[in-house]
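Below is one structure, written out as structure tokens, with a few remarks after it.
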Amino acid sequence: MARIGIMGGTFNPIHTGHLMLAEWAREGAELDEVWFIPTGTTYMKASLESASAAAGMPGRERLHMACLAVEDNPAFHCLDLEVQREGRTYTYETLEQLKERYPGDEFFFITGADCLFSIENWRYPQRIFQCCTLIAAVRGEYTLPRMEEKKRELEMSLGRVILLPFPAVDISSTEIRRRIRQGRSVRYLVPDRVLDYIKEKGFYREESI
Ligand code: NAP
């Protein structure tokens, strides 16, 4: 039985914070592999700005950047199953699909702190927790006591949660897009291969994406 981390994200674009989170989770939860799954047509997202940003960048391009980002790490893989799916993509569907395909494996859904506080409002949270343990990074505006309280609450109603100590890495896809639009450097914020691809394609120079 393998322990598989699932790193879902809009990844518009994927950046060093995402990769570090996956690596910290791999080590902290003793995962054998981490599978990166870029979202397809986006669901609800707290920030409308981000939702429209994802809508403006085709899934296949976000997927390609994610694949470039993980290609030098043998424990990291990139899956196209959400980008390939017709209609909206929901996490419960992805996890149920993975459980069905790989019944012997154990899944861990890796998220930042925000998701810990919003996952109850996602589509069918019970079904999500039936398929996986949630790994949430302790980061951002959320303090450890607040996250521990939320973990207890979720564990009473939904399922297992692991809190992952994580250094503050103040990088966001929104900020990366903004910097590119302003003609500023994003070197080291994204892997070099992703940066080369962004430059080659001229991504994020316009306001709409
Ligand atoms: P994203 O913005 O690309 O971020 C991906 C993940 O990386 C998030 O968990 C985010 O944590 C974390 N992250 C971002 N910047 C980070 C940094 N600097 N350091 C450490 N971690 C960082 O993707 P997203 O749009 O939030 O989506 C995340 C997943 O949630 C996707 O798989 C999506 O399908 C799923 N989702 C599902 C539903 C649903 O099924 N109804 C609803 C919403 C989201 P934070 O959460 O803390 O930003």
Side-chain angles (χ1 to χ4, degrees), residues 4-29 31 33-39 42-43 45-54 56-57 59 61-79 82-83 91 108-119 122 132 134-144 146-147 150 161-182 184-199 203-204 209:
I4 310 291
I6 301 299
M7 182 74 204
T10 310
F11 301 141
N12 190 29
I14 191 160
H15 57 64
T16 309
H18 297 131
L19 295 164
M20 282 180 65
L21 175 57
E23 181 63 4
W24 257 244
R26 187 196 60 73
E27 187 182 65
L31 305 176
E33 293 182 3
V34 178
W35 297 352
F36 287 70
I37 308 185
T39 57
T42 207
Y43 42 88
K45 165 100 194 183
S47 143
L48 282 177
E49 189 271 335
S50 177
S52 67
M57 176 59 71
E61 296 292 13
R62 292 181 288 105
L63 174 73
H64 187 68
M65 290 188 278
C67 294
L68 289 173
V70 304
E71 74 180 18
D72 61 354
N73 186 333
F76 287 1
H77 303 279
C78 195
L79 271 61
E82 290 197 354
V83 166
T91 299
F108 297 79
F109 191 73
I110 306 167
T111 68
D114 285 354
C115 293
L116 184 75
F117 291 87
S118 65
I119 197 160
W122 294 9
C132 72
L134 191 72
I135 298 181
V138 179
R139 75 178 201 106
E141 71 204 73
Y142 303 101
T143 60
L144 183 59
R146 198 162 157 222
M147 290 191 70
K150 190 69 198 175
V161 177
I162 296 173
L163 296 184
L164 182 75
F166 192 72
V169 180
D170 195 10
I171 304 176
S172 71
S173 298
T174 308
E175 180 59 18
I176 289 170
R177 294 194 302 271
R178 183 179 302 126
R179 288 181 71 89
I180 294 174
R181 220 160 44 229
Q182 294 169 345
R184 297 168 69 194
S185 170
V186 295
R187 192 166 181 201
Y188 307 123
L189 300 182
V190 298
D192 286 347
R193 273 187 296 272
V194 174
L195 180 57
D196 290 344
Y197 190 69
I198 289 174
K199 281 186 182 162
F203 287 158
Y204 308 119
I209 52 171

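This chain uses plain numbering: 1 for the first residue, then up along the sequence.
Closest approach of Trp122 to Cys115, counting heavy atoms only: CZ2-SG, 3.6 Å. Nearest heavy-atom pair across Ala75 and Asn73 is N-OD1, 2.9 Å. Closest non-hydrogen pair, Thr39 versus Val83, comes out as O-CG2, 3.7 Å. Cys78 and Val70 make their closest contact through CB-CG2, 4.1 Å (heavy atoms, listed as atom of the first residue, atom of the second, distance). Heavy atoms only, all atoms of each residue included: Val34 and Arg26 are closest at CG2-CB, 4.0 Å. The shortest non-hydrogen separation linking Ile171 to Gly17 is CD1-N, 4.1 Å.
Note that CZ of Phe166 and CE of Met20 are 4.5 Å apart. Values are rounded to the nearest 0.5 Å. Rounded to the nearest 0.5 angstrom, Asp114 CG and Ile119 CD1 are separated by 12.0 Å. One finds the CE atom of Met65 at 5.5 Å from the CD1 atom of Ile198 (value rounded to the nearest 0.5 Å). Taking CG of Leu195 as the reference point, atom NE2 of His15 lies at 14.5 Å (rounded to 0.5 Å). Taking OH of Tyr204 as the start and OG of Ser173 as the end, the distance is 7.0 Å to the nearest 0.5 Å. Atom CG of Leu63 is separated from atom CE of Met57 by 12.5 Å, given to the nearest 0.5 angstrom.
Taking 4.5 Å as the limit, some side-chain heavy atom of Ile176 sits within range of a side-chain heavy atom of Pro13. Counting only heavy atoms from C-beta outward, the side chains of Leu21 and Leu164 approach each other to under 4.5 Å.
A side chain to side chain contact (heavy atoms under 4.5 Å, CB included) with Phe108 is found for one member of Ile162, Ile4, Ile6 and no other, namely Ile162.
Around the CG atom of Asp72, the shell of radius 6.0 Å holds more than 12 heavy atoms that belong to other residues, nucleotides or ligands.
Trp24 is linked by a side chain to side chain donor-acceptor pair (under 3.5 Å) to nothing, counting only residues two or more places apart in sequence or in another chain. For Glu175, the side chain to side chain contact (heavy atoms under 4.5 Å, CB included) criterion is met by Ser172, Arg178, Arg179, not counting sequence neighbours.
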*Under the side chain to side chain contact (heavy atoms under 4.5 Å, CB included) rule, what do Arg177 and Phe203 come out as? Steps first, then yes or no, please.*
CA-CA 9 Å; Arg177 294 194 302 271; Phe203 287 158; over 6 Å; no
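Checked by atom type and distance alone, the side chain of Thr16 pairs as donor or acceptor with a backbone atom of Leu189 at under 3.5 Å.
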